[in-house]
Amino acid sequence: MKKQTKLIRTQTQKSQFREHSTPLYLTSSFCFEDAQMGKELFDNTLEGNIYSRFSNPTVQEFVDKVCMLEEAEEGIATATGMAAVFAGFGALLASGDHIVSSKALFGSAHQIITQILPKWGITYTYIDASEPKEAWEAAIFPNTKMIYLETPSNPGLELVDLEMVGDLCKKHNLIFSVDNCFATPLIQTPGQYGADLVIHSATKFFDGQGRVLGGIIVGKKEYIEHVRFFSRQTGPSMSPFNAWVLSKGLETLGLRMDRHCENALKLAQALENIEGIKSVKYPFLPSHPQYNLAKKQMESGGALVTFELEGGFERVIRFTQKLTIPSLTSNLGDSRTTITNPNTTTHAKVAVADKEALGIFEGTMRVSVGLEDIEDLIEDFTQAILNSK
Ligand SMILES: *Cc1c(COP(=O)(O)O)cnc(C)c1O
């Protein structure tokens, strides 16, 4: 069966009530039939649910779907995307280890790598996404344990060559970990390039409607076992209620991503022709410097479009006052178009020189293109840009 069919048809086993829609097991613990069963569940001679910090059938349904999409062996769902990012580091790195990471990261991942991991003696080297293989390889030391990256990056939409990094990880025996949140597994499958771990903020496209927080880390069994131990003991587990919302959300992921990407490409093309815009970044625009790489490793360009307005922050303020449809919010991956000015919001704490290296200027706007009618969106962006001179 194809992924889409499996995504729709993967479901927790029916209960005695013969429900059609998937049940929600909102329970903190599970009963033992007798003391012998309790003993066997705890000494691992019997597999089964004990307590929802360890496992839960509704959460497992969500995990099974994401493992199927990412072609991964096992997974652990977490309360947020950041809990998944941290669990990946916490479970697999030790004092004295070193990570090589792409520089353009989600803000909190940057804070973990630069502020939290160094407290435990874990060091890092940042590499620009578009650097050649030699630069990535030169950053690998004898104590390097992992390469961690996001592609496309936030908000610059720069790409990292997954095949190139996968080859390096194989050659140097490193754990290859990818945050695949921006692309989603329907557009890009890092496991096909050798990724050992794939991480998602389920808060974004998996939910798709801005309702709940969630995260997940999937990958090779040998690594996920360590994440399972870490999660069971430290407790970043996903709530069954959120898992239920997210599992239902995944049923429409394919339909939604098709429309998100179609709308994003059309908006990016339209923006390129509006006076008052310095540049437009979208992986599937031929003007993107890594267009060929995008075509190779992505099925479509994704839902994010970044552009730079002329005229600095004053112009940005006027532009956002004139826009009528998009929501001004730092979240993304919603059925509703969202827009934010990274320079003053998501990346406000980043040093100016670093911001420029990440492609963030005063006039930079990041759009997560939603599912509204694209003609309405183009009309609204056009009038807001022309009327904010
Ligand atoms: C939002 C996001 C995260 C963090 O996810 P939360 O669910 O907000 O904790 C991590 N990585 C990327 C790329 C994101 O967009």
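One-based numbering, in listed order, for ligands and for the atoms of each.
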Report yes if some N/O of [X] lies less than 3.5 Å from some N/O of ligand 1; otherwise report no.
X	value
M82	yes
E150	no
F182	no

* Asked: Could K278 and F307 be counted as a cation-pi pair, given that NZ or CZ must be under 6.0 Å from the ring centre and within 45° of the axis?
  -> no
* **Donor-acceptor contact present, side-chain R366 to main-chain S330, <3.5 Å** => yes
What are the atoms of ligand 1, with element, lying closer than 4.0 Å to any heavy atom of [X]?
X	result
G81	5 (O), 6 (P), 7 (O), 9 (O)
G214	7 (O)
C181	13 (C), 14 (C), 15 (O)

* Is it true that K171 and E137 make a salt bridge, defined as a side-chain N closer than 4.0 Å to a carboxylate O? -> yes
* Asked: So which of T346, T203, D179, T80 gets nearest to atom 11 (N) of ligand 1, if we judge by its closest heavy atom?
  -> D179
* Steps toward ring pair (Phe, Tyr, Trp, His ring centres under 6.0 Å) verdict (Y148, F89) -> CA-CA 10 Å; Y148 177 78; F89 293 143; 5.0 Å; yes
Identity and separation of the nearest protein heavy atom to [atom]:
atom	value
atom 5 (O) of ligand 1	S201 OG, 3.0 Å
atom 4 (C) of ligand 1	F106 CE2, 3.4 Å
atom 2 (C) of ligand 1	K204 NZ, 2.4 Å

* So, Y124 versus H98, ring centres under 6.0 angstrom or not? -> no
* To do: Sort out for me which residue in V165, I147, I127, D128 forms a side-chain contact (heavy atoms from CB on, under 4.5 Å) with V160.
  => V165
* **Criterion side-chain hydrogen bond (donor to acceptor under 3.5 Å, both in side chains) against S388, the qualifying member of R315, Q321, K322, E314** => R315
